[in-house]
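Following: one structure in structure tokens, then a few remarks.
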2 protein chains.
Amino acid sequence: MLKKERQAYILHQVNLHNKVLSSLLSHEIRVSEDTIRRDLQELSGEGKLIKVHGGALSHSFHEVTYSNSLSVYSQDQKKVIGEKAAALIKDGMFVLTSGGTTIIEMARALPPALRATFISGSIPAILEYMQHPNIEVVMIGDRVSKNAKITIGAEAINKIKNINADICFLGINAIDIKRGTTENDWEIAQLKKVMIDSSQKVVCCTISEKINTLQPIHICNIPDIDVLITELPPDAPILRPYVDAGIQVI
Amino acid sequence: MLKKERQAYILHQVNLHNKVLSSLLSHEIRVSEDTIRRDLQELSGEGKLIKVHGGALSHSFHEVTYSNSLSVYSQDQKKVIGEKAAALIKDGMFVLTSGGTTIIEMARALPPALRATFISGSIPAILEYMQHPNIEVVMIGDRVSKNAKITIGAEAINKIKNINADICFLGINAIDIKRGTTENDWEIAQLKKVMIDSSQKVVCCTISEKINTLQPIHICNIPDIDVLITELPPDAPILRPYVDAGIQVI
DNA sequence: CAATTTTATGCGTATTTATGCCACATTTCC
DNA sequence: GGAAATGTGGCATAAATACGCATAAAATTG
């Protein structure tokens, strides 16, 4: 990894989380903490961030948080989900993803050294993937839905059908132990269906408040899902039925 | 492998991945690292990429991280071009566009009441089109070039071949009365070629500075162009040869 | 077409840069 | 106050680079 690349990654993280820890960065990028420290110093000298003991802060966040400089990353629910999801991806994988905020968080949590191919029709997701230094990005084309910011239509569905992905990540809006996952948009439901068919492994990501809720259009049943990711620990009571149904809950 | 070829290959890799490593290139092309280094130096001198220790980075990568001013070069002129271009589009048209800053300005200049279908592989262009209340937007899918922020590859080319557009807008980097329009990236040149083939009418947009310049890869000849748009008035002396060649100059 | 010049490339060596490691100072937290 | 984490500066090392030079290929010239 080039020095500038590393620094770009650090800056990206700072802008994303408002703070970074040297120790974490060092672990993520797999370089010594000395190097991280030198990078932070350099970037600080250029005015790109503010160096503090143990890490660095973004400019925008600087005033508010002199007190808790060592507190952990803001553990937003969706960030937790994103991190759990990102951990499932290994080098060389073909990854198919939908759109949605949880997927965006996954994209942001990808380790910088990861080398994989990401395929999606979601424009915001593609924009995030493009920030990554090492992954290959493939966009699925078709008519663009302006509010979902995703390509939809027969063309997209056909294209996905011809893909054979290792893993597929779906941000879902509703899941229920009886009815499976459901959606409120017919075309997006179609897309997600074929994504599931085209993948070896299906991972559903959702915040816990959407568990045990329903939407009008059916996507898939519980047995079609391999992994369920929420912000809760896997042994949370609300997740119990899904564990019992044989899903790997993370 | 010829020097030009090698440098074109390097540039292409930079456009695709935002970075290249000297060691890797040297191994791939089977030339010494010295040669790669000299190439990178040369290309860097021409402003085509940014040389760093260990390899090189694309401009776009460098800009988003290292520079905080994302000012577009001679944006006012491009706005003029954008307005002229937008005026050519009528209700109901199928419009094929490349990417580039002039195209973005066109997208911004579209009258809100316009109802037309816009087709493009350029992610920034699609983002602009999505802002518009009435147009239909179609994204062409394929591998994403991280620097050009455009989808490229055989899939995209095939898709464009099957389109029959009314009009096609190309932001071009070089035009010359003898050699026609030229590009510096092979794959992008291919895309533009098929765009021209798939459209009834071909419109080239460029700032006047790029008139009478050359790039290595040929796209099309002057007779293939229907309309040429620059920021200058149509009777500017520099445009005279193009008017004489039968192009409608605006 | 031969002679000459220019250009492109690779090699060896000196130099610079990037990084990690260590000993020791400083800060933070309990 | 003291343990743990973090920062500092020096040093070692490996990788990348600059530079001079030799050689070969290509272009130019007479």
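Each chain gets a letter, A, B and so on, in the order its sequence line appears, and its residues count up from 1. Note: hydrogens, waters and symmetry copies are ignored here, and every other heavy atom, side chains too, is used.
- Nearest-nucleotide positions on DNA chain C place Arg6(B) closer to the 5' end than the other of His53(B) and Arg6(B).
- Distance CD (Glu33(B)) to C1' (dA18(D)): 13 Å, rounded to an integer number of Å.
- Checked for salt-bridge contact, Lys51(B) and Glu42(B) miss the test: no charged N lies under 4.0 Å from a carboxylate O.
- For the atom pair SG (Cys204(A)) and CD1 (Ile172(A)), the distance works out to 4.0 Å, reported to the nearest 0.5 Å.
- Residue Gln41(A) places no side-chain N or O under 4.0 Å from the OP1 or OP2 atom of dG7(D).
- Here the C1' atom of nucleotide dA18(C) and the CD atom of Glu5(A) are 15 Å apart, to the nearest Å.
- Straight-line distance from the CE atom of Met1(B) to the P atom of dT7(C): 22 Å, rounded to whole Å.
- The distance between atom CZ of Arg38(B) and atom P of dT17(D), rounded to the nearest whole Å, is 13 Å.
- Of the listed nucleotides (dG20(C), dG7(D), dT17(D)), dG20(C) has the atom at the smallest distance from the side chain of Val31(A).
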Derivation and outcome, salt bridge (charged side-chain N to carboxylate O under 4.0 Å, His left out), residues Lys193(B) and Asp197(B): CA-CA 6 Å; Lys193(B) 272 186 195 174; Asp197(B) 290 342; over 6 Å; no

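- Considering only side-chain N and O atoms, Thr35(A) lies nowhere under 4.0 angstrom from the phosphate OP1 or OP2 of dT19(C).
- One interatomic measurement links the two molecules: CG of Leu25(A) to P of dT19(C), which rounds to 14 Å at whole-angstrom precision.
- In terms of position on DNA chain D, the residue among Val52(B) and Lys51(A) whose nearest nucleotide sits closer to the 5' end is Lys51(A).
- The CG-C1' distance, from Asp39(B) to dA18(D), rounds to 16 Å in whole Å.
- In this structure, Lys3(A) atom NZ and dA14(D) atom P are separated by 20 Å, rounded to whole Å.
- Around the CZ atom of Arg6(A), the shell of radius 6.0 Å holds more than 12 heavy atoms that belong to other residues, nucleotides or ligands.
- Following rounding to the nearest Å, Lys4(A) (NZ) and dT19(C) (P) show an atom-to-atom distance of 12 Å.
- Across dT6(D), dG12(C), dT17(D), the shortest atom-to-atom separation from the side chain of Arg37(A) is found for dT6(D).
- Heavy atoms from other residues, nucleotides or ligands lying under 6.0 Å from NE2 of His27(B) number 12 at most.
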